[in-house]
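Bear in mind the structure is a predicted one, so any value in this text is a computation, not a measurement. Note that these values count all heavy atoms, side chains included, but never hydrogens, waters or copies made by symmetry.
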Amino acid sequence: MPTFTDPARDASEAHEALRGLAHASRTFEDPSDTYAVIGELLGGMRAMRQVLDQLANAHLFRQHHVTDEFREYSGGAAEALAAADELHQAATLIDQADDRLNAAMTHSGRIVWNPQDRTVERWVGIVFLQGEEAHQTLDLIDRGGAEAGIEHLSMWDYGTETTDAAMTNGDVHDSAPAYAGDRRAETGDYAMTYNPQAGHVGLYRRHLIRAEDAIDPPPEAHIPARHSTPTRETTGRRSAVREGGWFEHPGVAAVKQARDLSM
């Protein structure tokens, strides 16, 4: 406890308190505590500034009553003046540190350390068409525009059921996948990529998840190509993702065919 009357003892306790703080602040279980610590340090720094001035004054007031180690009064006065000057210089540096610490406290006070609603954006696959089904949709896009195509493909979206299927099958992406030559269009939470020349079209939906649940793949991770499935007639609405229908991009198939012919 501070004595408020014994400078030497209070200085010793302040030293011990700072040692304890240096040890305790190696980790912060609650990072929001940093704001309070900065505030306390700011108050302590201003007290330190006052202490430095008072130490300087104590040297100045007694400069004519001290000697140096050789018992010379002139030498003692010179040392007292030099000590006072250095203490004043230290106080000036404390003023600069005070400005910086005060600015740091302002910035720290604007931080929300533990946001409970922070989310990240992902895109889940709704449907990927190629062949005759894709050409029908591409013709619709050509006649009615991209929004007409998105509205048509959205019939394959079964909401939570489609999202769960995409999560299970790994059909979740940082952005809607697009191959070379693909065009992209967005409406609301949907993004459509399509390529009239290659003959395919895909629809993806924006999906927000909690940041702590996001698991980003490593940079070298490879996203498997969609494998083709036999062409068959369909009636009504269906979800290619829900049925586990994986499609291989035509560009990938062409590369494989060329490789097989060269072997």
Side-chain angles (χ1 to χ4, degrees), residues 119-209 213-217 220-263:
T119 59
V120 294
E121 181 180 276
R122 294 293 184 266
W123 293 85
V124 297
I126 303 301
V127 63
F128 185 90
L129 303 178
Q130 58 184 2
E132 184 60 29
E133 284 185 316
H135 287 302
Q136 294 176 4
T137 304
L138 291 168
D139 288 341
L140 176 62
I141 295 172
D142 186 54
R143 296 192 310 269
E147 290 191 3
I150 292 175
E151 182 178 359
H152 171 69
L153 293 175
S154 66
M155 293 191 303
W156 273 263
D157 188 1
Y158 290 91
T160 302
E161 184 181 356
T162 300
T163 300
D164 292 344
M167 292 289 188
T168 300
N169 294 332
D171 196 6
V172 183
H173 316 272
D174 291 340
S175 60
Y179 301 97
D182 280 6
R183 304 176 188 176
R184 178 188 173 102
E186 288 191 29
T187 297
D189 286 335
Y190 288 113
M192 178 179 67
T193 58
Y194 61 103
N195 191 322
Q197 286 72 38
H200 65 259
V201 58
L203 183 69
Y204 304 87
R205 173 167 38 79
R206 180 183 290 105
H207 179 61
L208 299 178
I209 62 177
D213 294 335
I215 303 178
D216 294 322
E220 67 275 8
H222 172 68
I223 299 177
R226 299 169 183 246
H227 302 293
S228 58
T229 55
T231 303
R232 61 186 178 86
E233 293 186 358
T234 58
T235 57
R237 301 193 306 175
R238 66 182 180 85
S239 170
V241 176
R242 179 168 58 86
E243 295 177 5
W246 291 86
F247 298 88
E248 185 175 71
H249 185 266
V252 176
V255 171
K256 288 183 177 180
Q257 183 177 8
R259 184 186 63 190
D260 294 339
L261 290 174
S262 62
M263 293 179 62

Donor-acceptor pair, side chain of Arg206 and main chain of Ala191, under 3.5 angstrom: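 Flag not set: sc Arg206 to bb Ala191 has no pair under 3.5 Å.
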Donor-acceptor contact below 3.5 Å, side chain Asn195 vs main chain Gly181: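 Yes: the side chain of Asn195 pairs with the backbone of Gly181.
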Results of salt bridge (charged side-chain N to carboxylate O under 4.0 Å, His left out) for Asp164 - residues two or more places apart only: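 Checked Asp164 against salt bridge (charged side-chain N to carboxylate O under 4.0 Å, His left out); zero matches.
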Salt bridge (charged side-chain N to carboxylate O under 4.0 Å, His left out) partners for Arg184, two or more places apart: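 So Arg184 forms a salt bridge (charged side-chain N to carboxylate O under 4.0 Å, His left out) with Glu186.
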Set of side chain to side chain donor-acceptor pair (under 3.5 Å) partners for Asp139, sequence neighbours left out: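 Residues passing side chain to side chain donor-acceptor pair (under 3.5 Å) with Asp139: none at all.
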Partners passing side chain to side chain donor-acceptor pair (under 3.5 Å) against Thr163 (at least two apart in sequence or in another chain):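 By the side chain to side chain donor-acceptor pair (under 3.5 Å) rule, Thr163 matches Arg205.
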Parallel, tilted or perpendicular: ring planes of His200 versus Phe128, cut at 30 and 60 degrees: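 Parallel, since the angle between the ring planes stays under 30°.
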Least distance between heavy atoms, Ser175 atom then Trp123 atom: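 In terms of heavy atoms, the two residues are closest at CA-CD1, 3.4 Å.
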Side chains of Arg122 and Asp174 in contact at under 4.5 Å (non-hydrogen atoms):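 A side-chain contact exists here, since the closest heavy-atom pair is under 4.5 Å.
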4.5 Å side-chain heavy-atom contact, Leu153 and Thr137: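 They are in contact (side-chain heavy atoms under 4.5 Å apart), so the answer is yes.
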Please enumerate all residues that pass side chain to side chain contact (heavy atoms under 4.5 Å, CB included) together with [X], with sequence neighbours excluded.
X: Thr187; result: Glu147, Ile150
X: Ala134; result: Leu129, Val201
X: Ala148; result: Leu140

Residue list, ring-ring contact (aromatic ring centres under 6.0 Å, His included) with His207, at least two apart or on another chain: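 In terms of ring-ring contact (aromatic ring centres under 6.0 Å, His included), with neighbours along the sequence ignored, His207 is linked to no residue.
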